[in-house]
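For reference, positions follow the sequence shown, starting with 1. Below, all heavy atoms of this structure are taken into account, side chains as well, without hydrogens, waters or symmetry copies.
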Amino acid sequence: MKIKGIIFDMDGVLIDSERPSIAGWKYAGEKMGEEIPDSLIDSFKGSNNESIKKIFDDYFKGRLDYLKAREYRTQYCYKVREKEGIVTKKGLYDLFEFCEKNDIKCAVATSTRRESAQRSLKCIGIYDKLAAVSYGDEVKNGKPAPDIFLDAAAKMGLNPEECIVVEDSINGIKAGAAGGMYVVHIPDTIIIDEETKKLTNRIVESLDKIIDILIEINFSGNRQAPHMREHKYSAFIDRQAVRDFFREYTDAYNSKDPKILLKIEHTYRVAALAEVIGWRAGFDRDLAWLSGMLHDVGRFEQVRRYHTFNDAVSVDHAKLGADLLFDESAPLINKFMDEKLQDERMMYLLETSIRNHNKFEIDEGLDEETKNYCNILRDADKIDILKVNTLFSPEDIYGVTKEELLKSNITDKVMESFLNEETVLKAYRKSAIDSLVGHISLVWGLVYPISYEITAAEGYLERMLSFKSQNEETNEKLEVIRSKIKEKMR
């Protein structure tokens with residue numbers, strides 16, 4: 001029988017969340033004064049909250065409060081996510097492309113609570129690619145019972161035997177096998193025992209390896225039959241080499257400096273965002289990712305030379321970065337990429353994207369492909385700038401006092417520009433509160449629907465717009481701005 005659907009667990013299968021989760025439980029134990037052992041944490045995986053609470057309480061017998069421990073673990077995980085963004089597992093987008101091109105439905109069955117799961121799935125760009133999502137609170141019994149996988153299959157309109165279940169946990173493997181499905185195990189943080197191995201049909205190292213299973217089952221091993229999008233630049237890009245040199249490059253600067261650390265973390269998040277946007281826009285996601293990794297190279301040299309990130313009083317950081325990367329005499333790009341693997345067109349797209357990522361408008365006269373790569377990077381950068389506005393106090397970001405921020409009025413020119421759906425020029429910003437409105441206005445410059453989707457899912461604008469002024473006129477204007485933003489996001 002052919003495979004017509006794939007049901008994925010989310011944590012540890014689609015996104016790299018198990019490692020932060022393990023560290024989060026360890027952190028909770030430290031805060032509460034008693035170790036939470038690895039064996040106990042392993043037993044949580046794949047289980048719903050009710051089951052985890054029972055396992056936890058049976059082990060500690062009242063010595064530790066489960067809800068308090070879970071709160072500490074959640075706080076830790078959110079801090080990691082704020083720094084790194086959501087890290088997807090290898091082969092995710094390859095597999096989803098294959099399934100989309102070959103009419104294979106995809107679903108997610110997760111014990112993670114609905115709000116958090118939806119947010120993650122939207123932010124990695126696959127939520128609206130799913131035929132179904134099943135959450136732990138929708139079924140009577142959690143894993144290792146098969147209920148959640150049977151529910152997902154039913155929502156897709158498929159029989160269990162027509163589905164592959166992809167799992168990393170023992171409880172998940174047992175649930176998939178109990179449901180009569182083809183079980184694929186992708187090892188993540190735990191080693192399964194021999195008895196559990198017998199419940200699996202295949203064990204593979206990454207999501208893209210499932211393509212070979214689908215070809216074998218659905219196409220009798222004929223690799224010419226399926227169609228996938230060509231990624232013409234991917235073959236030139238060694239991600240690990242890029243990450244290694246980026247780490248080496250930034251190690252030369254003072255990473256204990258909050259400004260430097262902020263830009264390092266910003267780089268990783270922008271690269272991840274650019275990959276998602278590039279994929280959804282139909283472009284080479286590896287090249288989009290690389291543009292994100294390289295876009296702020298100039299920032300580190302800017303702060304070393306001028307002790308500021310303010311372009312107006314120092315240097316255009318995008319131009320500085322592009323000059324360093326593509327300098328004819330000693331191009332820094334050769335440290336990130338083997339010279340033999342550099343493609344002339346790819347180098348042009350990278351350089352042009354980097355030079356344009358901070359401009360009010362991109363250069364005129366660019367061809368459509370180049371415009372798209374510029375806009376992919378610009379969207380990713382803007383989304384993360386909105387995020388940064390939620391990580392730090394407005395006083396720190398805008399360099400103003402709290403009193404100035406609370407009492408100032410939005411100037412007419414800023415308000416007019418915002419209501420015209422324009423990104424507010426810095427030259428228009430005269431008062432402290434103008435800077436907040438100026439950053440919110442970045443949303444008008446977003447190009448791709450997925451960029452709005454991610455911004456909405458993360459709730460950046462809602463948090464920025466929750467600001468309450470002591471100036472009544474400002475509050476009235478902010479209410480108009482809120483309405484305008486809600487209308488746009490709809």
Is any side-chain heavy atom of Asp188 less than 4.5 Å from a side-chain heavy atom of Val13? no
Heavy-atom donor-acceptor pair, Asp381 side chain to Leu377 backbone, under 3.5 Å: no
Set of residues satisfying side chain to side chain contact (heavy atoms under 4.5 Å, CB included) with respect to Ala456, sequence neighbours excluded: Met489
From CG (Leu366) to SG (Cys374), nearest 0.5 Å: 5.5 Å
So ring-ring contact (aromatic ring centres under 6.0 Å, His included) across residues 416-440, not counting sequence neighbours, yields Tyr398-His439, Phe418-Trp444
Below 4.5 Å, heavy atoms only, C-beta onward: do Met464 and Phe467 meet side chain to side chain? no
Is the closest basic N to carboxylate O distance between Asp412 and Lys477 below 4.0 Å? yes
What residues, two or more places apart in sequence or in another chain, satisfy side-chain hydrogen bond (donor to acceptor under 3.5 Å, both in side chains) together with Arg355? Asp323, Glu351
Using 4.0 Å as the upper bound for N to carboxylate O, is an ion pair formed by Arg280 and Asp128? yes
Looking at Glu301 and Arg305, is any side-chain nitrogen of the basic one under 4.0 Å from a carboxylate oxygen of the acidic one? yes
Would you find a donor on one side and an acceptor on the other, under 3.5 Å apart, between the side chain of Ser451 and the backbone of Val447? no
Lys/Arg N to Asp/Glu carboxylate O, Glu487 vs Arg490, below 4.0 Å: no
What verdict does the side chain to side chain contact (heavy atoms under 4.5 Å, CB included) test give for Leu465 and Ile481, after you've listed the backbone C-alpha separation in whole Å, the side-chain angles of each residue and the deciding distance to 0.1 Å? CA-CA 8 Å; Leu465 285 166; Ile481 288 171; 3.7 Å; yes
Taking Val424's backbone N and O only, do any of them form a donor-acceptor pair with Arg429's side chain (distance below 3.5 Å, no angle check)? yes
The test is side-chain hydrogen bond (donor to acceptor under 3.5 Å, both in side chains); show your working for Asp208 and Ser206 and say whether it passes. CA-CA 6 Å; Asp208 52 334; Ser206 57; 2.4 Å; yes
The side chain to side chain contact (heavy atoms under 4.5 Å, CB included) partners of Thr112 (sequence neighbours excluded) come to Met10, Asp11, Thr110, Ser116, Ala117
Any chance you could lay out the salt bridge (Lys or Arg N to Asp or Glu O under 4.0 Å) test for Asp212 and Arg202, step after step, and finish with the verdict? CA-CA 11 Å; Asp212 291 330; Arg202 296 284 277 275; over 6 Å; no
Distance col, row Leu214:CG vs Ile104:CD1, nearest 0.5 angstrom, shows 4.5 Å
Spell out, as yes or no, whether a donor-acceptor pair under 3.5 Å connects the side chain of Arg299 to the backbone of Phe309. yes
Is the closest side-chain heavy-atom distance between Asp311 and Val315 below 4.5 Å? no
How far apart are the closest heavy atoms of Val388 and Ile397, and which atoms are they? O-CD1, 3.7 Å
With a 4.0 Å cut-off on N to O distance, would you call Glu205 and Lys90 a salt bridge? no
Using a strict cut-off of less than 4.0 Å between a Lys/Arg side-chain nitrogen and an Asp/Glu carboxylate oxygen, indicate whether Glu115 and Arg119 qualify as a salt bridge. no
Check Lys486 with Glu462, please: is the shortest side-chain N to carboxylate O separation under 4.0 Å? no
For residues 267-275, tabulate all N or O donor-acceptor pairs below 3.5 Å that involve a side-chain atom, not counting sequence neighbours.
{"residue": "Thr267", "atom": "OG1", "partner": "Lys263", "partner atom": "O", "Å": "2.8"}
{"residue": "Arg269", "atom": "NE", "partner": "Asp384", "partner atom": "OD1", "Å": "2.7"}
{"residue": "Arg269", "atom": "NE", "partner": "Asp384", "partner atom": "OD2", "Å": "3.3"}
{"residue": "Arg269", "atom": "NH1", "partner": "Glu82", "partner atom": "O", "Å": "2.7"}
{"residue": "Arg269", "atom": "NH1", "partner": "Lys83", "partner atom": "O", "Å": "3.1"}
{"residue": "Arg269", "atom": "NH2", "partner": "Asp384", "partner atom": "OD2", "Å": "3.0"}
{"residue": "Glu275", "atom": "OE1", "partner": "Arg239", "partner atom": "NH1", "Å": "3.2"}
{"residue": "Glu275", "atom": "OE2", "partner": "Arg239", "partner atom": "NH2", "Å": "3.0"}

Beyond-backbone contact of Ile264 with Tyr253, side-chain heavy atoms, under 4.5 angstrom: no
Please test Asp286 against Tyr93 for side-chain hydrogen bond (donor to acceptor under 3.5 Å, both in side chains), starting from the C-alpha separation and ending with a verdict. CA-CA 11 Å; Asp286 290 291; Tyr93 298 118; over 6 Å; no
Under 4.5 Å between any side-chain heavy atoms of Lys484 and Lys488, yes or no? no
Between Arg243 and Asp238, does any NZ, NE, NH1 or NH2 come within less than 4.0 Å of an OD or OE carboxylate oxygen? no
Over all atoms of both residues, closest heavy-atom pair of Glu167 and Ser169: OE1-OG, 3.2 Å
Without swapping roles, check the side chain of Arg378 against the backbone of Lys359 for a donor-acceptor pair under 3.5 Å. yes
Close aromatic pair by centroid cut-off 6.0 Å: Phe96 and Phe8: yes
Asn102 vs Asn218, test: side-chain hydrogen bond (donor to acceptor under 3.5 Å, both in side chains). Steps then yes/no. CA-CA 10 Å; Asn102 293 283; Asn218 287 5; over 6 Å; no
Under 3.5 Å, is there a donor-acceptor pair between the side chain of Asp379 and the main chain of Tyr448? yes
Are His357 and His317 close enough that their ring centers fall under 6.0 Å? yes
So, taking the atom named CG in Asn201 and the one named NE2 in His185, what distance separates them when rounded to the nearest 0.5 Å? 13.0 Å
Ignoring hydrogens and geometry, is there a side-chain-to-backbone donor-acceptor pair from Asp434 to Ser431 under 3.5 Å? yes
Among Leu207, Ile86, Thr88, Leu95, find the one that has a side-chain contact (heavy atoms from CB on, under 4.5 Å) with Leu14. Leu207
Does a side-chain N-to-carboxylate-O contact under 4.0 Å join Lys155 and Asp151? yes
Ring geometry between Phe336 and Phe246 (parallel below 30°, tilted from 30 to 60°, perpendicular above 60°): tilted
dist Asn475:CG -> Ser469:OG (nearest 0.5 Å) comes out at 5.0 Å
For Glu162, the salt bridge (Lys or Arg N to Asp or Glu O under 4.0 Å) test, sequence neighbours excluded, returns Lys4
Where the side chain of Lys105 meets the backbone of Met156, is there a donor-acceptor pair that is under 3.5 Å apart? yes
When you look at Ser417 and Asn420, which way does the side-chain hydrogen bond (donor to acceptor under 3.5 Å, both in side chains) test go after all the steps? CA-CA 5 Å; Ser417 181; Asn420 287 334; over 6 Å; no
What's the spacing between Leu436 CG and Leu405 CG if we round to 0.5 Å? 7.0 Å
Beyond-backbone contact of Ile7 with Val108, side-chain heavy atoms, under 4.5 angstrom: no
Between the side chains of Glu369 and Arg345, is the shortest nitrogen-to-carboxylate-oxygen separation below 4.0 Å, so that they form an ion pair? yes
Judged by atom type as modelled, is there a donor-acceptor pair below 3.5 Å linking the side chain of Ser441 to the main-chain atoms of Thr423? no
Quick one: pull up CE in Met181 and CD1 in Ile3 and give me the separation to the nearest 0.5 Å. 10.5 Å
Are any side-chain N or O atoms of Asp103 and backbone N or O atoms of Cys99, one a donor and one an acceptor, separated by less than 3.5 Å? no
